[in-house]
Enquirer: 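I'd like to ask you about the structure that follows.
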Number of protein chains: 4
Amino acid sequence: MRSENQSIGQSVSDADRSFIELARRAQIIDAAVETLAEEGYAKASLARIAQRAGISKGVISYHFAGKEELLERLVEQVYERMGAFMEPRMVAQPDPGERLRAYVESLAAYMREHRVQLAALGQVFHNMRNSEGKLRYGVATSEGLYAFLESIFREGQESGAFRRFDVRVMAVSVQAGIDAMFEYWDVHPEHDLEGHARELAELFAQAVRA
Amino acid sequence: MRSENQSIGQSVSDADRSFIELARRAQIIDAAVETLAEEGYAKASLARIAQRAGISKGVISYHFAGKEELLERLVEQVYERMGAFMEPRMVAQPDPGERLRAYVESLAAYMREHRVQLAALGQVFHNMRNSEGKLRYGVATSEGLYAFLESIFREGQESGAFRRFDVRVMAVSVQAGIDAMFEYWDVHPEHDLEGHARELAELFAQAVRA
Amino acid sequence: MRSENQSIGQSVSDADRSFIELARRAQIIDAAVETLAEEGYAKASLARIAQRAGISKGVISYHFAGKEELLERLVEQVYERMGAFMEPRMVAQPDPGERLRAYVESLAAYMREHRVQLAALGQVFHNMRNSEGKLRYGVATSEGLYAFLESIFREGQESGAFRRFDVRVMAVSVQAGIDAMFEYWDVHPEHDLEGHARELAELFAQAVRA
Amino acid sequence: MRSENQSIGQSVSDADRSFIELARRAQIIDAAVETLAEEGYAKASLARIAQRAGISKGVISYHFAGKEELLERLVEQVYERMGAFMEPRMVAQPDPGERLRAYVESLAAYMREHRVQLAALGQVFHNMRNSEGKLRYGVATSEGLYAFLESIFREGQESGAFRRFDVRVMAVSVQAGIDAMFEYWDVHPEHDLEGHARELAELFAQAVRA
DNA sequence: AATGAATGAGGGTTCATTCAT
DNA sequence: TATGAATGAACCCTCATTCAT
């Protein structure tokens, strides 16, 4: 059993897993994503996840070492996919201003197609805690995003295109604006997500302009 | 029992409550605030709240119809106090630009002194759900804040001081920037909260400028 | 709730407990004793213990911090009662040989009246393990008994009444002979327990004689 | 499947098994022995045994009708090997006193070389229960040992070398002394096992002497 | 006005066993 | 022969709520 092997310290990469096992794990993660997005973290018990997946509760324990591992794999998966979507869109933009705009609008495009994944991600980020009671995914998780945004801002500042401002505050605010855009659209599905993204990009274009 | 009366439809205003009852309710709410802020929503059980308040678990059930009512009163209380703090600081600013800046910086000042209350509020907002599984406090709760910010923006746009932009997007983004400022400071206590607030105010001053 | 108080570090002595609580704890311990004695350690789940006590499963969790505490209190209680029975019978015997005989025969007398308690104790001793997998009550627990027996042997050796022998081996063997007497009688209820005790006492009287 | 045949009443002797099957069964039993000795009865799940054997969990079910049969074969195997070791050492001693001494010291010699097997045996003896909750291996299992010891005692009594005593009590006590010697040494590996055995043999030599 | 006591549902996890491949 | 996959029951524990006192 995969999850038992792990308990003796040998981590198992996806490459070592059989097709059928990968499929089951994916199915379970999908069910977890839906449950988290639609019922919230507190209600996302293994029983409910299993029910949604149409399987027995024990199957989850068979494929994952525990709930903790399931959620961590879920986060990894969502992150990877989002990164794979974003990266080519970023490198194509040489100008810092364009890169910032592309960042905002690409994320909106991703949201449009992956609403439940991102909603689930938010639940895990805001709620999952380690055994000491600290948030498992805290601000430290966003550090990568902040660093990326800050690199854009510094480049713009050095070229003189951007005014002088605190890059950390700007990064935190940009990311907050994007997250809020998602949450607002998540609650108001009729909301014009792409329009919001364009306005948001323009907002920050003005905010950073020299 | 007070909370029972309420459950049969006769709402009880604070004016009808004895001093001692009000004190107990306040004590319980304070304990709930601390527990939510320090241990998170999932760990904030009635038992833990009672333990922190130094009272028996049953006392909470006596003074509140249930956990749901306790959390709702908690939200009300925090909101009221924040409003009482903010209002005079807003009316003193006739200029829209100044009012926006005052809004951001006054909230930062409030955060500085009421960190745990706001952290608890965030926990309830992000987690509390009604019996149908929907978030009890969703974006609808922020509608008042959005409306207030939008009124500032419209006034600035009509006077020509602000450029044309989508006031709803701007309002959502301002509020998101403020919330993110709190969360970042909450996790990084050494972070310069007031400096962040000034940068944030300047950011949006630039963003709305005509 | 008592067991919750304990979780914040304030140990609660029996003197602080209400009569009714003490009665419930005693009732639960009694049910645990019976379950352990009759069904064995592996089958002595909280559910079965509760069933035997005629109460809900949660009541045990209410009165004890967990299964671990229940079993530790059980061991304490059985030990205390046995000690209270034994002590006056020991101090009344000034001669080492008589003290050894009194030890064996008093324990047999105690077994006669407290079969299930001792059977339960044996289950816990042989099976209860701490979180690291080590036996919770190992040989260390018997150290007190060994020391007591050794003091008898040394006194007899110094007076010349006993021959020279390894007092630790003798102590371990005496205790083993007594434990085996209990187990044999536990399985063969028709076995002559008091006769066995007399024979056993004579056996060791011969074994230690100078 | 082999183990299924058995379940419909056709017992399968080792002679009917292929070499490879016998090897597998031995490998599984060895893994079970180690697991029982090191982790205790409660933790000796099929999963853990399989893990230690480096095989899949299902293999055990294939080669044994169930956990029950595995443990029974384990007991048989350990017993057989111990008997094969002991028998020649017993027949070589014509004198009852010497035979008793040889019994004690030979068992100590066997313990020295087969610690884990005997520890595993103890776990099974003290814990394994049948479906009715009774100990699978109780005192009845020791009946053979008792009978053997009693035959020595009677021979000594008839020749006048031993005094009159209850042979059953003496047999139970000798066996208990030996078992306790093992357990004490198992917990205190630095303990002088052979010295203990000599002392124990002398103890009972004194105890039976006319 | 407050308490301690009790409940029953649901939480995550472990387990022996079964079964198709 | 052997495996991985799946099951369902039982495990201990936590929880919000109810109730008699």
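Only a predicted model underlies this, so the values are computations on that prediction, with no experimental measurement involved. Residue numbers start from 1 in every chain, and the chains themselves are labelled A, B, ... in the order their sequence lines are given, proteins ahead of strands.
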Enquirer: Report yes or no: is the cationic atom of Lys67(A) (NZ for Lys, CZ for Arg) closer than 6.0 Å to the six-membered ring centre of Tyr41(A), at no more than 45° off its axis?
Expert: yes

Enquirer: Would one find a side-chain N or O of Tyr62(C) under 4.0 angstrom from OP1 or OP2 of dA5(E)?
Expert: yes

Enquirer: Does any part of the side chain of Tyr62(A), heavy atoms only, come nearer than 4.5 Å to the side chain of Ile28(A), both counted from C-beta?
Expert: no

Enquirer: Does His63(A) have a side-chain nitrogen or oxygen under 4.0 Å from the phosphate oxygens OP1 or OP2 of dG4(F)?
Expert: no

Enquirer: Checking side chain to side chain donor-acceptor pair (under 3.5 Å) for the pair Arg24(B)/Gln27(B): CA distance, chi angles, key distance, verdict?
Expert: CA-CA 5 Å; Arg24(B) 261 281 188 258; Gln27(B) 177 197 14; 2.6 Å; yes

Enquirer: Respond yes when some side-chain nitrogen or oxygen of Arg24(B) is under 4.0 Å from OP1 or OP2 of dA2(E), and no when none is.
Expert: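 Yes.
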
Enquirer: Is the distance from OP1 or OP2 of dT14(F) to the nearest side-chain N or O of Ser45(B) less than 4.0 Å?
Expert: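 So the side chain of Ser45(B) is outside the cut-off, no N or O lying under 4.0 Å from OP1 or OP2 of dT14(F).
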
Enquirer: Could you tell me how far apart Ile60(C) (CD1) and dA5(E) (P) are, to the nearest whole angstrom?
Expert: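 Going from CD1 in Ile60(C) over to P in dA5(E) covers 15 Å.
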
Enquirer: Which comes earlier along DNA chain F counting from the 5' end, the contact point of Gly58(A) or that of Glu68(C), where each point is its nearest nucleotide?
Expert: Gly58(A)

Enquirer: Any Lys/Arg nitrogen of Arg129(D) or Glu39(C) sitting under 4.0 Å from an Asp/Glu carboxylate oxygen of the other?
Expert: no

Enquirer: Looking at Arg48(A), I'd like to know whether one of its side-chain N or O atoms comes within less than 4.0 Å of OP1 or OP2 on dG11(E).
Expert: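 Negative; the distance criterion is not met.
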
Enquirer: Could you check how far CD of Glu69(A) sits from P of dG12(E), rounded to whole Å?
Expert: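 After rounding, the gap between these two atoms is 15 Å.
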
Enquirer: Rounding to an integer number of Å, can you tell me how far Gln51(D) CD sits from dC15(E) C1'?
Expert: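 Rounded to whole Å, this separation is 14 Å.
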
Enquirer: Between Arg48(C) and Thr35(C), does any side-chain donor sit less than 3.5 Å from a side-chain acceptor?
Expert: no

Enquirer: In terms of the nearest nucleotide of DNA chain F, which residue is placed more toward the 5' end: Ile20(D) or Lys57(C)?
Expert: Ile20(D)

Enquirer: Roughly, in whole Å, what's the span from NZ in Lys67(C) to P in dC11(F)?
Expert: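 Rounded to the whole Å, the gap is 8 Å.
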
Enquirer: Using atom CD1 of Ile49(D) as one end and atom P of dC15(E) as the other, report the distance to the nearest whole Å.
Expert: 11 Å

Enquirer: Write down the distance between CG (Leu46(A)) and C1' (dA6(F)), rounded to a whole number of angstrom.
Expert: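 Checked: the CG to C1' distance equals 16 Å.
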
Enquirer: Under a 3.5 Å cut-off for both distances, is dT21(F) Watson-Crick or wobble paired, and to whom?
Expert: dA2(E)

Enquirer: Return the value, rounded to whole Å, for the distance between atom CD of Glu39(C) and atom P of dC11(F).
Expert: 10 Å

Enquirer: Nearest-Å distance, CZ (Phe19(A)) to P (dG4(F))?
Expert: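 Going from CZ in Phe19(A) over to P in dG4(F) covers 18 Å.
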
Enquirer: So what's dG8(E) paired with, Watson-Crick or G-U wobble, going by both distances under 3.5 Å?
Expert: dC15(F)

Enquirer: Start at the 5' end of DNA chain E and walk down; is the nucleotide closest to Ile55(B) or to Val59(C) reached first?
Expert: Ile55(B)

Enquirer: With the side chain of Ser56(B) defined as its heavy atoms from C-beta on, choose the nearest nucleotide among dT7(E), dG4(E), dG11(E).
Expert: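 Shortest atom-to-atom distance from the side chain points to dG4(E).
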
